[in-house]
Amino acid sequence: MSLKGMNLRKQRTKIQMFLTILVVLSVIRQFFLGNYHNMFLGILTLFLFMVPAMLDQTLGVTIPVGLETVILIFIFSAEILGEIHAFYVKILIWDTVLHTTNGFLMAAIGFALIDLFNRSDRFSIKMSPYFVAFFAFCFSMTVGVLWEFFEFSMDWFFGTDMQKDWIVPAINSVKLNPTGANVPVHVDVQSVVINGQAWNLGGYLDIGIVDTMKDLMVNFVGAVVFSIIGILYLKHRGRGKLAASLIPQVREEK
């Protein structure tokens with residue numbers, strides 16, 4: 001390994017150790033607060049920090065320092081900052097940023113999987129850069145959809161609020177058309193009455209639909225960005241600092 005590579009590895013290790021210490025302190029704090037749910041989230045975060053190393057060993061790929069750092073920061077931001085410290089509620093764009101990053105990361109994993117097969121001598125079919133990038137995109141979107149299924153299931157069966165609600169100020173619906181025609185009627189919603197109590201929210205409470213579609217759209221953006229980087233990487237393999245720092249490198253078979 002070159003001197004530059006060793007310096008990057010040291011920097012990655014420092015970031016990982018720093019984040020790990022923060023998580024451990026958070027777990028201890030939640031224990032003394034008696035919040036065992038958040039303590040479990042902290043312990044889960046520590047296990048998730050091991051995912052890059054597991055991928056490295058099981059898939060036969062080397063996760064670049066840049067990508068691994070993004071993964072670690074993403075996990076910390078989602079579990080510790082997002083869930084335990086309620087950044088999802090305090091910062092409106094927090095969920096959007098993380099879902100965009102998730103689309104990017106899942107495309108990277110999908111790219112590594114298909115590139116592993118593409119470069120293996122055991123497979124006679126060699127895929128074009130466009131197909132590899134398309135697979136990475138589809139893999140990312142599939143994971144995004146499955147995650148939305150998970151969020152809906154948790155909300156429906158366990159009464160959580162993973163699909164955050166949105167205030168919708170207007171309704172456009174054919175159900176409101178008195179003639180029964182297939183023409184939507186526009187209605188501005190200024191207040192809602194729930195159990196006899198007026199809720200002046202400036203609209204009605206949308207239960208998850210807007211959040212789900214927004215999450216899938218930004219997941220789409222992240223997947224597309226990585227797919228474009230993947231195409232450029234495969235066309236000019238071995239060149240480009242940005243690609244080298246973000247693309248999982250498939251180790252040559254011995």
Side-chain angles (χ1 to χ4, degrees), residues 1-16 19 48-78 96-147 215-254:
M1 183 181 295
S2 65
L3 180 60
K4 182 178 180 181
M6 292 178 63
N7 291 333
L8 288 175
R9 287 293 171 186
K10 289 180 179 179
Q11 183 179 3
R12 186 278 312 274
T13 302
K14 290 179 180 179
I15 294 174
Q16 185 172 10
L19 294 178
L48 291 175
F49 277 176
M50 296 185 290
V51 168
M54 293 172 57
L55 292 176
D56 186 286
Q57 295 176 3
T58 58
L59 299 181
V61 300
T62 300
I63 307 297
V65 174
L67 182 61
E68 186 170 347
T69 301
V70 172
I71 293 174
L72 295 175
I73 295 176
F74 171 80
I75 295 172
F76 181 83
S77 300
T96 300
V97 171
L98 290 184
H99 274 279
T100 306
T101 306
N102 178 72
F104 186 92
L105 293 177
M106 290 304 104
I109 294 174
F111 183 94
L113 287 171
I114 196 66
D115 195 36
L116 176 64
F117 296 138
N118 199 33
R119 299 181 64 185
S120 174
D121 295 333
R122 291 177 293 177
F123 297 91
S124 57
I125 299 176
K126 298 301 179 182
M127 292 159 279
S128 71
Y130 296 99
F131 182 83
V132 174
F134 178 70
F135 176 88
F137 168 81
C138 291
F139 181 86
S140 175
M141 292 304 300
T142 300
V143 172
V145 170
L146 292 176
W147 178 257
D215 290 346
L216 291 176
M217 288 177 183
V218 296
N219 191 105
F220 172 88
V221 172
V224 168
V225 170
F226 187 91
S227 297
I228 294 174
I229 294 175
I231 291 175
L232 297 176
Y233 168 77
L234 290 179
K235 283 192 168 185
H236 310 283
R237 192 184 289 274
R239 290 180 287 172
K241 293 183 179 179
L242 176 62
S245 66
L246 297 175
I247 301 288
Q249 307 295 316
V250 180
R251 291 194 290 269
E252 299 291 343
E253 297 183 352
K254 297 181 179 180

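For the atom pair Gln16 CD and Met50 CE, the distance stands at 10.0 Å (nearest 0.5 Å). With values rounded to the nearest 0.5 angstrom, Ile71 atom CD1 is found 6.0 Å from Ile109 atom CD1. Between the OG1 atom in Thr96 and the CG atom in Asp215 there is a gap of 7.0 Å [rounded to 0.5 Å]. In this structure, OG1 in Thr100 is found 12.0 Å from CE in Met217, a value given to the nearest 0.5 Å. Taken from CD1 in Ile229 to CG in Leu234, the straight-line distance is 12.0 Å, to the nearest 0.5 Å. Taken to the nearest 0.5 Å, the CD1 atom of Ile15 stands 6.0 Å off from the CD1 atom of Ile73.
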Residues Val224, Val221; criterion side chain to side chain contact (heavy atoms under 4.5 Å, CB included); working and verdict: CA-CA 5 Å; Val224 168; Val221 172; 5.9 Å; no

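Between Phe76 and Phe49 there is a side-chain heavy-atom pair separated by less than 4.5 Å. For the pair Ile231 and Val132, the minimum side-chain heavy-atom distance is 4.5 Å or more.
Ser140 places no side-chain N or O within donor-acceptor distance of the main-chain N or O of Ala136, the cut-off being under 3.5 Å.
Taking all atoms of both residues into account, the shortest heavy-atom contact from Ala133 to Ser227 is O-OG, 3.3 Å. Of all non-hydrogen atoms in Met141 and Phe220, the two that sit nearest each other are SD-CA, 3.5 Å. Across every non-hydrogen atom of Asn219 and Gly144, the tightest pair is OD1-CA, 3.8 Å. Closest non-hydrogen pair, Thr101 versus Val70, comes out as CG2-CG1, 4.1 Å. Nearest heavy atoms, Phe74 versus Leu98: CE1-O, 3.1 Å. In plain terms, the two heavy atoms of Ala108 and Leu67 that are nearest each other are CB-CD2, 4.0 Å.
The 12-atom threshold is not exceeded at CZ of Phe134, counting heavy atoms of other residues, nucleotides or ligands nearer than 6.0 Å.
Aromatic rings from Phe137 and Phe226 are positioned such that their centres are separated by 6.0 Å or more.
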